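Data block below; observations after.
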Amino acid sequence: MYEDLIGVPFMDGGRDKNGMDCWGLVRECFKRQGISVKDYGISAAEEARISEQMQRERPYWEKLDAPREGCLVLIRTEPKLWANHVGIYIGNGRFIHAYLMAGVCVSTIKRWKSHIVGYYYPRK
């Protein structure tokens, strides 16, 4: 369902196959699930604003006890922030995400475990 996105280059504010940031990838993945999620005009470099926005939006997301296919994987890469990166769980202990060093790629939950804040799905 997401294989065609792997290898898309990272682009701050990117929302298509020419380039994506982590939220652009999330929006595309949810769109493929038939779910529309809000877009944010926040630069990937504005980590504090990203973290603040994610916290404000928490009531709109159901926190899951364990990951399920298609859910958000919220990640903290900066210790002072609540969360500043996000991906989508694709099953088998893996998630897809977009970041500067690799573009859109698949990583393991195990490798990122110490940075994962939680798993979330949009409330209906």
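Worth saying up front: this structure is predicted, and the values here are computed from it rather than measured.
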In one Ile/Leu/Val/Met/Phe/Trp/Tyr side-chain cluster, 4.5 Å: Ile6, Met101: yes
Over all atoms of both residues, closest heavy-atom pair of Asp21 and Gly13: OD2-N, 2.9 Å
Partner residues of Glu57 under the salt bridge (charged side-chain N to carboxylate O under 4.0 Å, His left out) criterion, sequence neighbours left out: Lys38
Spacing of Cys29 atom SG and Lys31 atom NZ [to the nearest 0.5 Å]: 11.5 Å
Leu25 vs Ile88, side-chain contact (heavy atoms from CB on, under 4.5 Å): CA-CA, chis, key distance, verdict: CA-CA 8 Å; Leu25 176 65; Ile88 297 285; 5.6 Å; no
Pairs satisfying salt bridge (Lys or Arg N to Asp or Glu O under 4.0 Å), at least one member in residues 40-50, at least two apart: Glu46-Arg49
Connected via hydrophobic side-chain network under 4.5 Å: Trp61 and Leu81: no
Under 3.5 Å, which donor-acceptor pairs do the side chains of residues 113-123 form with other protein atoms, sequence neighbours left out?
residue, atom, partner, partner atom, Å
His115, ND1, Arg76, O, 3.0
Tyr121, OH, Gln33, OE1, 3.1
Arg123, NE, Pro59, O, 2.9

Point-to-point distance, once rounded to the nearest 0.5 Å, from CG of Leu5 to CE of Met20: 5.0 Å
Arg111 CZ: over 12 foreign heavy atoms closer than 6.0 Å: no
Within 6.0 Å of NZ in Lys63, more than 12 heavy atoms from elsewhere: yes
Those residues that, when tested against Val86, pass side chain to side chain contact (heavy atoms under 4.5 Å, CB included) (two or more places apart): Cys22, Trp23, Val26, Met54, Leu72, Leu74
Pairs touching residues 86-102 that satisfy side-chain hydrogen bond (donor to acceptor under 3.5 Å, both in side chains), sequence neighbours left out: His85-His97, His97-Ser107
Asp4: partners by side chain to side chain contact (heavy atoms under 4.5 Å, CB included), with sequence neighbours left out: Lys17, Arg32
Within one Ile-Leu-Val-Met-Phe-Trp-Tyr cluster: Met11 and Val8, side-chain cutoff 4.5 Å: no
Side-chain H-bond candidate by donor/acceptor type, Asn84 with Thr77, under 3.5 Å: yes
